[in-house]
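The block underneath contains the structure these notes are about, expressed in structure tokens.
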Amino acid sequence: MGYNKGKNHGKMEQQGLLVQFSQEKITRTYHFQVKDQIGSYMNYPVTTMHKASGGSGGLRVNSHLLIPVPSPDPADDYTLLVGDFFNKGHKSLKKILDSGLNLGRCDGVHLNGKVAKGDGKDEPLFTMEAGKTYKYRICNVGLKTAINVRFENHQMKLVEMEGSHTMQNEYKSLDVHVGQCFAVPVKADQDPEYYYVVASTRFTRRQVTATGIIRYKNGKGPASSELPPPPVGWAWSLNQFRTFRWNLTARAAIPNPQGSYKYGAINITRTIKLANTAGEVDGKFRYALNGVLHDNEFKTPLKLAEYFNIAKKEFEDDTIPDNPPEKTETIQVKPIVPNITHRHFVEIIFENQETTIQSYHLSGYSFLAVAIETGTWSPEKRKNYNLLDAVSRHTIQVFPKSWAAILLTFDNCGM
């Protein structure tokens with residue numbers, strides 16, 4: 001995947017972005033406009049378990065030259081893809097799930113597909129020059145594991161996440177959950193040597209750590225063997241989430257479809273509570289929402305059925321309730337296609353009843369991540385929402401035995 005910058009960037013904004021994928025003799029070209037989706041993103045395969053085989057990449061959408069960005073231009077722009085990996089191939093992993101077992105813990109962690117050996121012979125991932133600042137776009141491209149990222153002896157300043165400029169707080173380390181992307185400038189303000197960038201698993205019984213080398217120009221190695229320690233506990237990560245704030249001065253005010261510039265003043269028209277549960281379906285390990293597993297085995301793909309006005313013949317709408325059932329003894333297999341009214345302001349609650357962390361992504365939309373708390377959700381919890389400057393993003397983590405709340409307007413008709 002590529003991107004344009006400099007003089008040609010305006011042309012990309014007007015004509016869209018061409019992305020070409022090739023596999024053996026099959027080529028697919030996607031032509032789309034990026035419009036106002038400025039920021040750090042990633043691409044990855046979604047068919048069956050292909051994500052376990054890699055194939056992930058970073059995608060940068062730069063601001064138009066005439067639109068100011070609330071941070072100075074870096075000396076260079078680096079993409080850092082971190083994630084868990086399993087030694088078994090994607091077919092073997094699928095067989096494990098189909099046998100009724102979960103995947104268990106990962107076998108390792110990688111940084112841009114590599115793991116430093118620490119023998120002094122590792123090639124640097126990135127090079128910095130003393131006194132200059134470099135932007136790192138960090139994305140978690142793994143399957144299931146939250147990753148903590150930190151730079152040895154260096155601070156990170158968070159400036160953007162998933163397309164939104166943020167208040168520029170500094171961090172010694174960041175928890176990056178599955179599917180999330182952060183942009184952090186790092187200033188090369190240390191002695192010109194070799195340093196480690198460290199990625200560690202979070203919330204796993206056995207911590208797995210990987211390192212990569214960052215080399216200062218004219219610096220000498222090897223890097224120090226004393227790695228910066230990772231944070232401990234769930235509360236640390238939850239408190240870090242609460243420090244994330246949208247930079248409301250970075251762009252001009254844009255009204256919501258209801259005409260309000262303040263999303264906290266908009267009345268919620270519908271609340272949808274989705275609780276995830278794990279269980280077996282025909283002997284296979286699967287997850288469900290409100291007791292229903294989405295059935296995607298159709299002769300006609302759902303969107304095609306909708307396009308040709310034969311949806312009623314192929315599937316039923318609203319097969320899951322807006323609230324989870326009190327007891328979920330068996331998982332039902334149905335298409336999950338809720339009907340939502342155009343431009344209604346919707347509240348969605350993700351409730352994680354399992355003992356492992358979950359990560360939710362809403363395709364094609366950004367939402368306001370207003371709250372994450374432990375326990376179960378109730379309407380009284382709304383008093384704890386951030387109704388002023390919650391970050392607009394497209395992924396959110398849900399800790400075990402916890403819930404997360406998002407607000408958004410469904411303003412794009414269709415499925």
Side-chain angles (χ1 to χ4, degrees), residues 46 48-49 51-52 83-84 86 93-107 109 140 142-148 175-180 201-208 232-241 271-296 319-334 336 338 347-362 367 369 371-378 381 394-406:
V46 296
T48 59
M49 290 290 291
K51 190 180 180 184
D84 56 13
F86 294 79
L93 294 176
K94 187 176 185 301
K95 288 181 180 179
I96 292 174
L97 295 175
D98 290 347
S99 69
L101 302 175
N102 62 37
L103 296 181
R105 60 173 178 255
C106 64
D107 294 305
V109 176
N140 186 336
L143 275 181
K144 57 176 291 187
T145 312
I147 305 291
N148 180 268
D175 277 354
V176 187
H177 300 275
V178 174
Q180 296 180 355
T201 58
R202 290 280 277 141
F203 322 125
T204 54
R205 292 183 180 179
R206 179 177 63 89
Q207 185 186 98
V208 181
V232 178
W234 299 91
W236 186 94
S237 188
L238 180 56
N239 288 333
Q240 185 173 82
F241 165 81
T271 297
I272 301 174
K273 185 177 179 182
L274 300 174
N276 62 273
T277 53
E280 287 191 8
V281 177
D282 297 330
K284 302 176 181 179
F285 184 82
R286 294 292 187 265
Y287 274 98
L289 293 174
N290 291 1
V292 180
L293 169 67
H294 177 62
D295 182 6
N296 204 29
T319 54
I320 64 171
D322 282 0
N323 289 285
E326 293 184 3
K327 291 185 178 181
T328 306
E329 297 179 355
T330 59
I331 294 177
Q332 302 180 57
V333 181
K334 299 178 182 179
I336 303 178
E347 173 188 50
I348 300 179
I349 311 299
F350 299 113
E351 189 168 278
N352 183 10
Q353 301 177 354
E354 299 298 313
T355 57
T356 56
I357 193 170
Q358 305 295 330
S359 187
Y360 284 89
H361 163 71
L362 188 58
F367 52 73
I372 296 179
E373 290 192 4
T374 58
T376 57
W377 180 87
S378 63
K381 301 291 186 179
H394 58 78
T395 64
I396 191 168
Q397 74 273 14
V398 191
F399 298 112
K401 307 299 180 181
S402 302
W403 57 268
I406 66 173

Closest contact, heavy atoms only, I336 versus L293: CD1-C, 4.3 Å
Main-chain N/O of V208 paired to T201 side chain as donor or acceptor, under 3.5 Å: yes
H177 NE2 to I357 CD1 distance, which is reported to the nearest 0.5 Å: 4.5 Å
Modelled atom types, side-chain donor and acceptor of Q353 and T277, under 3.5 Å: no
Trace of the side-chain contact (heavy atoms from CB on, under 4.5 Å) decision for T271 with D322: CA-CA 7 Å; T271 297; D322 282 0; over 6 Å; no
Gap separating the OG atom of S359 from the CG atom of L143, nearest 0.5 angstrom: 12.0 Å
Residue pair A278 / Y287: nearest heavy atoms and the distance that separates them: CB-CE2, 3.6 Å
Closest approach of A146 to N140 (non-hydrogen atoms, all atoms of both residues): CA-ND2, 4.0 Å
Audit row: T355, K401, side-chain contact (heavy atoms from CB on, under 4.5 Å) steps and yes/no: CA-CA 7 Å; T355 57; K401 307 299 180 181; 4.3 Å; yes
Nearest-0.5 Å distance that lies between atom CD in Q207 and atom CZ in R105: 13.0 Å
Donor-acceptor contact present, side-chain S402 to main-chain P400, <3.5 Å: yes
Closest heavy-atom pair and its distance - V281, V333: CG1-CG2, 3.7 Å
Heavy-atom closest contact (A369 atom, F241 atom, distance): O-CZ, 3.9 Å
D295 side-chain N/O to Q332 backbone N/O, donor-acceptor pair under 3.5 Å: no
Side-chain touch Q240/N148, heavy atoms, less than 4.5 angstrom: no
Heavy-atom closest contact (I396 atom, A404 atom, distance): CD1-CB, 3.7 Å
Plane angle bin for F350 and Y360 - parallel if under 30°, tilted between 30 and 60°, otherwise perpendicular: parallel
Aromatic plane relationship, F203 with W234 - under 30° parallel, 30 to 60° tilted, over 60° perpendicular: parallel
Between CZ on residue R202 and OG1 on residue T204, distance to nearest 0.5 Å: 9.0 Å
Side chain D84, main chain C106, donor-acceptor under 3.5 Å: no
Euclidean distance, T376 OG1 relative to I349 CD1, rounded to 0.5 Å: 11.5 Å
Close side-chain approach of K273 and N323, heavy atoms under 4.5 Å: yes
Flag, side chain of Q358 to backbone of N276, donor-acceptor distance under 3.5 Å: no
Non-hydrogen side-chain atoms of L103 and L97 separated by less than 4.5 Å: yes
Side chain N352, main chain V398, donor-acceptor under 3.5 Å: yes
Derivation and outcome, side-chain contact (heavy atoms from CB on, under 4.5 Å), residues N290 and L274: CA-CA 6 Å; N290 291 1; L274 300 174; 3.9 Å; yes
CG on D282 to CG on D98, rounded to 0.5 Å: 10.5 Å
Chi angles and distances behind the side-chain contact (heavy atoms from CB on, under 4.5 Å) call for N102, T356: CA-CA 11 Å; N102 62 37; T356 56; over 6 Å; no
